[in-house]
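Counting convention: from 1, in listed order, for ligands and their atoms alike.
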Amino acid sequence: MSGGLPGTPEVVATPAAVAERTATWLLDHAARVTDRGGVFQVALAGGSTPTAMFDLLATPAWSRRAAWWQWEVWFGDERASPPGDPGSNFHLADEHLLRHVAVSADRIHRIAAELPDLAATARAYAAALADRLPPGPGGAPRFDAVLLGLGSNGHTASLFPGEPVLEVDDTWAAVGRADYPPFDRITLTFPTLNAAAAVAFAVAGGEKGQALREVAAGTAVAARVRPRDGELAWFLDAAAAAAMERAAAR
Ligand code: 6PG
C-alpha cells in the first residue's frame with residue numbers, strides 16, 4: 001500500500017493512529033538521547049497534521065514519558081506570521097504542546113519570521129543551529145529527529161516546487177516562498193534535513209495521494225529528503241495510502 005516510498009513506510013488506519021504512531025516514534029528517539037543525559041534536538045513540523053500528535057503528547061499519560069527538560073525544540077519552517085497568529089507554526093506547537101510540558105523556554109527556538117528582514121532572521125536561525133547542534137554529514141547541524149509534513153503539491157517544510165531555496169546547499173536555513181498565504185517563509189534547507197539522524201513524515205488524507213505517488217517516483221520536492229546517515233520513516237493513514245495506490249494506477 002505504500003510501495004516505492006523511500007525509507008520505512010508504515011500504514012495505519014486513521015489520522016488518530018498516525019498521531020499516536022508519530023508520537024511513539026518521537027518519544028523513542030528522545031529517550032535514546034535523554035536516557036544517557038543528552039539534550040534531544042528536535043525540529044517540529046507545521047501545518048495541521050501535527051496538531052493531534054501535539055495534543056496527545058500533552059496529555060498526562062503521554063507527557064510523563066518524556067524528559068522535556070532535556071529537549072531543545074526548533075521548527076522545520078515558519079510563516080511570516082506573528083507568534084500569536086493561528087497561521088504561525090510556533091503558535092500551533094505552543095498552544096497544543098509546548099505550554100503544557102516542561103521544555104525550558106530558553107530551549108524553544110521560535111523563528112521570528114514576522115520581522116521585516118527575513119534573510120537576516122534566516123541567517124540568525126542558521127547560526128543558532130550551528131551553535132547548538134553538532135555537525136552532521138556534509139557539515140550541516142545534525143538534528144536527533146525532524147518531523148515533517150507533506151503538502152498536496154509535494155512540498156515539505158517551506159520547500160516549495162520551483163523555488164530557489166530548493167538549490168541552497170551552503171546554509172542551514174533560508175528564505176522560502178509558498179504558493180498559498182502566508183507566502184513568505186523561512187525554512188530548513190535540504191543540507192540540514194539530510195544531515196538529521198532521523199526524519200519522519202506524518203501524512204494523512206486522500207488529498208496527499210498524488211504527492212505520495214510523486215515521492216515514490218522521485219519527482220516530488222519531498223523526495224529529496226534522504227538523510228545521508230539517518231533513518232527516514234513515513235507514517236501514513238489508510239486514506240493516504242489508498243489514494244497513493246490509485247494515483248499509481250492512473
Ligand atoms: C507548513 C508546513 C508544511 C506542512 C504541509 C502539510 O508550514 O505548512 O511546514 O510543510 O507540513 O503543508 O500540511 P498539513 O499537515 O496541514 O496537510
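Here F201 has no heavy atoms under 4.0 Å from ligand 1, in either its backbone or its side chain.
Using a 4.0 Å cut-off to heavy atoms of Y180, the atoms of ligand 1 that qualify are 8 (O), 12 (O). For ligand 1, the atoms sitting less than 4.0 Å from at least one non-hydrogen atom of N89 are 1 (C), 7 (O), numbered in the order shown with element in parentheses. Contact atoms of ligand 1 toward R185: 1 (C), 7 (O) (distance under 4.0 Å to a heavy atom of the residue).
Atom 11 (O) of ligand 1 has as its closest protein heavy atom G149 CA, 3.3 Å. For atom 9 (O) of ligand 1, the closest heavy atom belonging to the protein is D77 OD1, 2.7 Å. Scanning all protein heavy atoms for the shortest distance to atom 8 (O) of ligand 1 gives R79 NH2, 2.7 Å. If you check which protein heavy atom lies closest to atom 6 (C) of ligand 1, you get L150 O, 3.5 Å. Protein heavy atom at the shortest distance from atom 16 (O) of ligand 1 is S48 OG, 2.6 Å. Here the heavy atom of the protein found nearest to atom 13 (O) of ligand 1 is G47 CA, 4.0 Å. The protein heavy atom nearest to atom 5 (C) of ligand 1 is H155 NE2, 3.5 Å. Looking at atom 17 (O) of ligand 1, its nearest protein heavy atom turns out to be K208 NZ, 2.7 Å.
Between E167 and R224, at least one side-chain nitrogen of the basic residue sits less than 4.0 Å from a carboxylate oxygen of the acidic one, meeting the salt-bridge criterion. A salt bridge between R79 and D184 is absent, with no side-chain N of the basic residue lying under 4.0 Å from a carboxylate O of the acidic one.
Between T49 and ligand 1, a contact under 3.5 Å exists for at least one N or O pair. Checked by distance only, ligand 1 and T156 stay at 3.5 Å or farther apart across all their nitrogen or oxygen atoms.
Here the closest non-hydrogen pair linking S63 and V101 is CB-CG1, 4.0 Å. Counting all heavy atoms, side chain and backbone alike, A197 lies closest to D144 at CB-O, 3.7 Å.
Within the 3.5 Å criterion, the main-chain N or O of L27 finds no donor-acceptor partner in the side chain of R65. The main-chain N or O of A17 is found under 3.5 Å from a side-chain atom of T14 such that the two form a donor-acceptor pair. Between the side chain of T156 and the backbone N or O of L148 there is no donor-acceptor pair closer than 3.5 Å.
Put simply, no part of F75 is less than 4.0 Å from ligand 1, judged by heavy atoms. Residue-ligand proximity: E78 is placed with every non-hydrogen atom at 4.0 Å or more from ligand 1.
Aromatic ring centres of Y180 and F160: separated by under 6.0 Å. Remark: aromatic rings of Y125 and W172 are distant, center separation not under 6.0 Å.
Considering each of P50, A157, G76, the one bringing a non-hydrogen atom nearest atom 3 (C) of ligand 1 is A157.
Checked against H109 for a ring-ring contact (aromatic ring centres under 6.0 Å, His included), the options F143, W74, F75, W71 give a single hit: W74.
Separating the CZ atom in F90 from the CD atom in E78 is a distance of 9.0 Å, to the nearest 0.5 Å.
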